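Below is one structure, written out as structure tokens; comments come after it.
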Amino acid sequence: MASKLKIGYIAKYDLDLNPHLKGRFEFKEATYTRKINSRGDKIYSKLLAYPFDYEEVADNANIMKKNDSIILVREPFLLDDELREKVTKWVEWANQADPKEYDPWAQI
């Protein structure tokens, strides 16, 4: 049986505007459909507001796999078990951490 193709996404929320949320970040995953035609190679998913180029989503996954210290927020990425574990741990940590620990542009 073939496994379903999945993408991942880390959403970032403003807790001042959404005080009911448990944390500033939320990891989401969803299935996707890949469509290749004369207009390009696109990924479609209910998770995404619009289609993304497959290569961009694949590159996002490769960036995070090759660099232990990089996590892409608000960018879709191809999901596998390795990345699921990495981003899940990061989201748990980031929701407890001071924003200055993960955001170079956080107010000092």
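Side-chain atoms are counted along with the backbone in the values below, which use heavy atoms only and exclude waters and symmetry mates. All residue numbers refer to positions in the sequence shown, counting from 1. Please read all numbers here as calculations on a predicted model, not as lab measurements.
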- Should Lys6 and Ser45 count as side-chain neighbours, where that means a heavy-atom distance under 4.5 Å? no

- Taking atom NZ of Lys28 and atom CG of Leu47, what is their separation to the nearest 0.5 Å? 6.5 Å

- Item | Validation row, ring centre Tyr102 to ring centre Trp90 under 6.0 Å | yes

- For the hydrophobic clusters of this structure (ILVMFWY residues joined by side-chain heavy atoms under 4.5 Å, transitively), does one cluster hold both Leu83 and Val91? yes

- Message: Within the 4.5 Å heavy-atom criterion, are Trp93 and Glu101 side-chain neighbours or not?
- Response: yes

- Query: Counting only N and O atoms by type, is there a donor-acceptor contact under 3.5 Å from the side chain of Asp53 to the main-chain atoms of Glu55?
  - Reply: no

- Message: Please determine whether residues Phe25 and Ile71 belong to a single hydrophobic cluster, defined as Ile, Leu, Val, Met, Phe, Trp and Tyr linked transitively by side-chain heavy-atom distances below 4.5 Å.
- Response: yes

- Message: Grouping I, L, V, M, F, W and Y whenever their side-chain heavy atoms are under 4.5 Å apart, do Leu78 and Leu48 come out in a common cluster?
- Response: yes

- Task: Would you kindly confirm whether Val73 and Phe27 end up in one hydrophobic cluster when ILVMFWY residues are joined by side chain heavy atoms under 4.5 Å apart?
- Result: yes

- Message: Once ring pair (Phe, Tyr, Trp, His ring centres under 6.0 Å) is applied, what residue pairs with a partner in residues 35-72 remain, sequence neighbours excluded?
- Response: Tyr50-Phe52

- Note on the structure: Distance col, row Ile36:CD1 vs Arg34:CZ, nearest 0.5 angstrom, shows 4.0 Å

- Message: Testing the basics here: between Arg84 and Leu79, what is the closest heavy-atom pair and its distance to 0.1 Å?
- Response: NH2-CD2, 3.5 Å

- Beyond-backbone contact of Leu72 with Ile10, side-chain heavy atoms, under 4.5 angstrom: no

- Message: Checking Ile7 against Phe77 for the side chain to side chain contact (heavy atoms under 4.5 Å, CB included) test, could you report, in this order, the C-alpha distance in whole Å, the side-chain angles of both residues, the deciding distance, and whether it holds?
- Response: CA-CA 5 Å; Ile7 56 169; Phe77 51 90; over 6 Å; no

- Task: Could you walk me through whether Glu26 and Tyr13 pass side chain to side chain donor-acceptor pair (under 3.5 Å), step by step?
- Result: CA-CA 8 Å; Glu26 180 183 10; Tyr13 302 105; 3.0 Å; yes

- Calculate, to the nearest 0.5 Å, the distance between atoms CD1 and NZ belonging to Ile43 and Lys35 respectively. 12.5 Å

- Item | Asp59 and Glu56, any side-chain heavy atoms less than 4.5 Å apart | no

- Item | Pair Lys12-Asp103, side chain to side chain contact (heavy atoms under 4.5 Å, CB included): steps then yes or no | CA-CA 12 Å; Lys12 182 178 180 185; Asp103 185 353; 4.2 Å; yes

- What side-chain hydrogen bond (donor to acceptor under 3.5 Å, both in side chains) pairs are there with at least one residue in residues 61-77, not counting sequence neighbours? Lys65-Asp80

- Query: With sequence neighbours excluded, what pairs up with Glu85 under the salt bridge (charged side-chain N to carboxylate O under 4.0 Å, His left out) test?
  - Reply: Lys89

